[in-house]
Structures are given as structure tokens and as C-alpha cells.
> 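What follows is a single structure, and I will ask about it in a moment.
Atoms considered below: every heavy atom in the structure, side chains included; atoms not considered: hydrogens, waters and symmetry mates. Just so it is clear: chains get the letters A, B, ... in the order the sequence lines come, proteins before strands, and each one is counted from 1.
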Amino acid sequence: MEKFSSTDLIYFVDLAGTFVFAVSGWLLASKKQLDFFGAAVISFITAVGGGTLRDVLIGSTPVGWMQDINYLLIIASANVATIFFRRIFEKLRRTMFLFDSIGIGLFTILGVQKTIDLGLSPVVAVMMGTISAVFGGVLRDTLVNEIPMIFRKEVYATVCVGGGIVYLLLGETALNNDFRIIITISVIITIRILAVVNNWSFRAVK
Amino acid sequence: MEKFSSTDLIYFVDLAGTFVFAVSGWLLASKKQLDFFGAAVISFITAVGGGTLRDVLIGSTPVGWMQDINYLLIIASANVATIFFRRIFEKLRRTMFLFDSIGIGLFTILGVQKTIDLGLSPVVAVMMGTISAVFGGVLRDTLVNEIPMIFRKEVYATVCVGGGIVYLLLGETALNNDFRIIITISVIITIRILAVVNNWSFRAVK
Amino acid sequence: MEKFSSTDLIYFVDLAGTFVFAVSGWLLASKKQLDFFGAAVISFITAVGGGTLRDVLIGSTPVGWMQDINYLLIIASANVATIFFRRIFEKLRRTMFLFDSIGIGLFTILGVQKTIDLGLSPVVAVMMGTISAVFGGVLRDTLVNEIPMIFRKEVYATVCVGGGIVYLLLGETALNNDFRIIITISVIITIRILAVVNNWSFRAVK
């Protein structure tokens with residue numbers, strides 16, 4: 001499998017995903033009438049929770065956000081932006097679903113890549129990609145005592161598994177790394193929209 | 001204390017314990033009418049949750065199941081077996097208690113041994129053995145919102161503490177390693193059966 | 001910033017904080033009528049939970065209490081002391097607030113110092129100090145299903161953030177290390193008492 005060096009795109013994509021997740025955390029905290037401190041904590045945990053669990057499990061410590069102050073700065077920026085432009089963000093609340101989909105796409109790719117770079121197997125990489133993408137949101141919803149109702153959780157995670165596999169398979173092609181990332185995220189967004197529109201879910205174990 | 005090299009028995013015993021825990025996770029998920037994805041996640045967490053927490057705490061990362069694909073394969077096999085032979089497993093549900101006891105015995109021993117091998121103290125080793133054995137089940141029950149009613153939790157964990165101490169004490173004897181494992185598991189199973197039959201518990205702190 | 005070598009004061013302070021937190025855990029477990037095993041577990045988690053999460057996140061494993069048997073001995077001593085002198089401790093329950101404040105002050109300082117010693121940034125150090133101080137108590141309250149009512153949680157954590165910043169700023173002065181610790185703890189205790197007396201809280205995000 002082709003080795004994927006940390007390009008500028010990967011780094012930009014990581015910060016963008018962090019921003020999107022931080023905004024979604026603050027908006028949910030705001031809706032739940034938490035104070036500023038609580039909203040900042042929820043925003044932070046939403047943004048870095050998934051990557052933190054991934055880093056702890058694969059032994060990449062101190063965990064990622066500790067080693068680059070830009071992650072904390074981007075979260076703080078997201079918080080300030082949400083405070084000032086909250087009405088705009090709220091009008092966009094229906095489109096937050098799209099932002100959230102981009103975020104899980106970005107984080108899936110980063111989790112897969114970081115795990116592969118450590119020499120672990122592709123199966124483990126897809127699992128870690130999924131954890132990177134969904135665990136921050138799971139913590140966010142759990143901490144404010146909200147069960148995500150708009151989509152079935154299993155589809156949410158399954159989309160990441162599918163996206164992670166697509167990303168790994170594209171690594172076997174001659175495709176440019178940037179296209180590889182863009183295609184994977186597009187696939188994830190498309191599947192999620194189809195899942196919500198068609199109310200997909202899986203049948204219970206009989 | 002005698003150094004215990006990873007023999008074939010230890011490895012077989014680890015995979016067998018993983019299989020047993022994966023089956024118990026799937027059966028509980030099935031009883032709770034989770035879908036296939038949910039059942040696979042619960043089964044996986046039940047099987048590896050305890051060992052994962054132990055590995056993170058003692059700093060043995062990437063955690064164990066990531067470094068040997070056989071653990072994921074045995075869990076997948078357990079899931080397929082439970083789907084096809086669920087009726088047989090369900091008829092055996094009363095005997096699942098025995099399987100669960102074997103599982104916690106195996107995982108206690110492995111947790112104790114891995115911690116001792118890192119040069120940590122026997123007291124810490126017994127604690128890590130207990131965590132290895134019980135934490136997967138704690139996560140399983142918590143995630144499906146079930147409180148274990150058949151036995152008092154404290155007895156459940158205390159059995160592991162006792163088993164871990166027995167295992168360490170046997171290490172001071174000239175006993176063959178295989179016998180050491182078999183005796184420890186037998187002790188754990190016996191105490192657990194006695195505890196359930198006699199409805200043992202501990203008095204509340206006055 | 002001046003390098004702070006582990007002096008006897010730091011070590012004594014760490015053990016004292018562990019003792020105080022272990023007592024508070026046992027007393028709450030006792031109030032909730034847990035049995036001895038449960039009380040010991042809650043006491044242990046209260047005492048080491050915060051430091052354990054900090055060590056896992058910064059990659060300082062095996063986690064601290066595993067590498068020095070004195071931590072387990074001091075927790076066991078706290079448990080025995082609480083059993084024998086419970087009535088005295090209960091009469092002191094109103095002053096447990098003071099003990100708890102000293103505990104979070106001590107643990108904040110230790111978390112900040114350990115993170116700085118690893119070469120991580122001051123911002124991360126203050127975050128890790130706060131986690132060290134509050135996470136054991138969060139776990140304690142969550143496990144016995146109690147929501148801390150006497151003070152607003154956000155003030156609780158904010159006090160640690162403030163104390164951590166004071167401690168780091170004092171490191172820029174020529175102040176003796178022992179005074180630095182004493183001043184920081186005094187600041188934390190003072191702010192907490194003022195917060196409770198004046199019923200401080202933060203306004204909700206509008």
C-alpha cells in the first residue's frame with residue numbers, strides 16, 4: 001500500500017474537520033442552555049474526542065492535539081465564530097447535517113491513514129477511522145443527554161466503515177492522493193444523504 | 001517469581017476466552033433486539049474491552065487485539081457461530097454461566113501474567129487481572145442498559161481477585177505452568193458456583 | 001520556565017491529596033450503603049481517576065500509581081482510617097469541603113508540573129492539571145449516581161484552571177517552589193469558598 005505522507009491537504013482537512021465538529025458541539029451546548037465554560041468543554045470534546053481515543057488505543061501519545069497548538073486555536077476560533085455568527089449558523093442548522101458529514105468523512109480518512117502509518121492492519125485501520133469519526137459525536141450527545149434522532153446510529157457508523165474501505169481500496173490505484181480524499185468524502189456524504197432520505201436501517205438480529 | 005513464557009496453552013486459552021465472551025455479547029445483544037451491526041459491536045467490546053483497558057493503563061500499546069488478526073477472526077467466527085447455532089446456544093443459556101466463569105478465569109490469568117511480565121508489582125497485577133476479566137462484561141451490560149441480576153457484582157469481581165492471588169501463589173511452587181492455569185480456573189469456577197448457589201454477598205458498610 | 005524537580009514537598013503533597021480523595025470517596029460510598037468492596041473501589045477511583053486519565057493522555061504509562069506502592073498503601077490506610085473514625089469524619093463533613101479544595105489544589109499543581117516536565121505547552125498543562133483534579137470526583141459522583149449540588153460544576157473546574165495559571169505564572173518569578181505551591185493552593189481554596197458563599201456561576205450561552 002502506498003505510503004501517504006502528511007501533505008498540506010491532509011493538514012488543512014484535519015483543521016477544517018476540527019472546526020466543523022467544534023461548531024456542532026457549541027451549537028448543541030447552546031441549545032441545551034449550557035454556560036460558556038460548559039459549551040467550550042462540549043465543543044472541545046466533540047472536536048478531539050474521537051482522535052483522542054484513537055491515539056490512546058494505538059499508543060500515539062501524547063495525543064495529537066497536545067502536540068500542535070493549532071488544534072486548540074481552531075477550536076477557540078470556532079467558538080468565537082459561533083458566538084458572533086450564531087444566528088447565521090442556526091439558520092444553517094438544516095445544513096449542519098452536511099457539515100457533520102464532511103467532518104466524519106475527514107476524520108475517518110485521517111484515522112485510517114494514521115493507523116496504517118503505524119504498520120497496523122487495514123481492518124484495524126478502518127475500525128480506528130470509524131472511532132475517530134464517530135466517538136467525538138457520541139461523547140457530545142451522551143454528555144448533553146441527547147439521543148441522535150435524525151438518523152439511525154448504526155448507519156452513521158457504517159458509513160464510516162464503508163468510507164474507510166473505499167479510501168484503502170483507492171490506495172491500491174494510481175489515483176492522486178488529493179482525489180483519493182475528495183472521492184472518499186463524496187462517497188461518505190452521498191451514502192449518508194441517501195440513508196437519511198430513504199430512512200435506511202438494518203433489521204434486528206432474529 | 002518464575003517467569004512465564006507465552007506457551008501455546010496461554011495463547012489457546014486467550015482465544016477461547018475471547019470466543020466465549022464474544023458469544024455472550026452477541027446473545028445479550030440479540031435478546032435486546034439490536035441489529036447485526038450493534039450486535040457485532042457489543043460482541044467485540046465484550047470480548048476485548050477488559051484487555052484493552054488493561055493495555056492502555058499499563059502502556060502496552062497498540063493494544064493487544066490490534067497486533068494479531070486472530071482475535072478479530074475469532075470474534076467474527078463467534079458471531080457467525082452464534083447466528084447459525086443460536087437455538088443451541090440459547091438452550092445452553094443456563095450453562096452460559098459456566099462459560100462466562102471460564103472466560104473470567106482465563107482473562108484474569110492473562111491480565112496478571114502480562115502485568116507481571118512488565119515488572120509491575122503483584123498487587124497491581126491482581127488489579128489488572130480483575131479489570132481484564134470484568135471490564136468487558138461491565139461495558140456490555142452498561143451499553144445494553146442491563147444490570148446483572150443473577151449474581152452480586154462484588155462477588156463477581158472478588159472471585160477474580162481471589163483467582164489472581166491463587167495464580168500468583170502457585171507461581172511460587174514447583175507446579176507445572178499448565179496445571180497452574182487449570183487449578184486457578186477451577187478455583188474461580190468453584191467459588192463462583194458456590195457464591196451463586198449460596199447467594200453470597202458482602203454486608204454494606206455501616 | 002524553571003524546571004521543578006520532584007522535591008519531598010511535592011511527594012508529600014501528592015500522598016496527602018490521595019488520602020483526602022480516598023476518604024471522600026469512601027464516605028460517599030458509605031452514605032450510599034455500598035458494601036466494603038464497592039466502597040474500596042469508589043475510594044480508589046476517586047483518588048487515582050484524575051491522574052490516571054492524565055497519564056493515559058500524555059502517554060506516561062504504566063500510570064503513576066502502578067509504579068509506587070505507596071499510593072495503594074495510602075488509599076488502604078485512608079479506608080481503614082475512615083472505617084474506624086467514620087463518626088469523626090462525618091462530624092467533619094461540613095469541613096470535607098475544605099479537604100476537597102486542598103485535594104483539587106494539590107492535584108492541579110501535580111498535573112500541571114508533570115505535563116510541563118514532558119515538554120508540552122502551558123495551555124495543555126493547565127488542561128491536564130484540571131483533569132487531574134476534577135476527573136476522579138466526576139467518576140466518583142457518576143458511579144454512585146449523585147450530582148454535586150453544593151457548588152456549580154463549572155466553578156469547580158474553573159477554579160482549577162485559574163489555579164493552574166497562577167502556578168505557571170509564579171514559575172516565572174524568583175519565588176521558592178514551596179511558597180509557589182502554598183500560594184497556589186491558597187488561591188484555589190479562597191476562590192472556591194468565595195464561589196460557594198456568593199453562589200457564583202456563569203450565565204448561560206444566549
> Tell me, do M127(B) and M66(C) make a side-chain contact under 4.5 Å, heavy atoms counted?
no

> Looking at side-chain heavy atoms only, is the closest gap between V124(B) and L72(C) below 4.5 Å?
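They are in contact (side-chain heavy atoms under 4.5 Å apart), so the answer is yes.
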
> Against chain C, label L57(B) side chain, backbone, both or neither, depending on which of its atoms sit under 4.5 Å from a heavy atom there.
both

> Does a side-chain heavy-atom distance below 4.5 Å link T61(C) with I58(B)?
no

> What part of V63(C) is in contact with chain B, defined as an atom under 4.5 angstrom from a non-hydrogen atom: side chain, backbone, both or neither?
both

> At what distance, to the nearest 0.5 angstrom, does OG1 of T158(B) lie from CZ of F36(C)?
13.0 Å

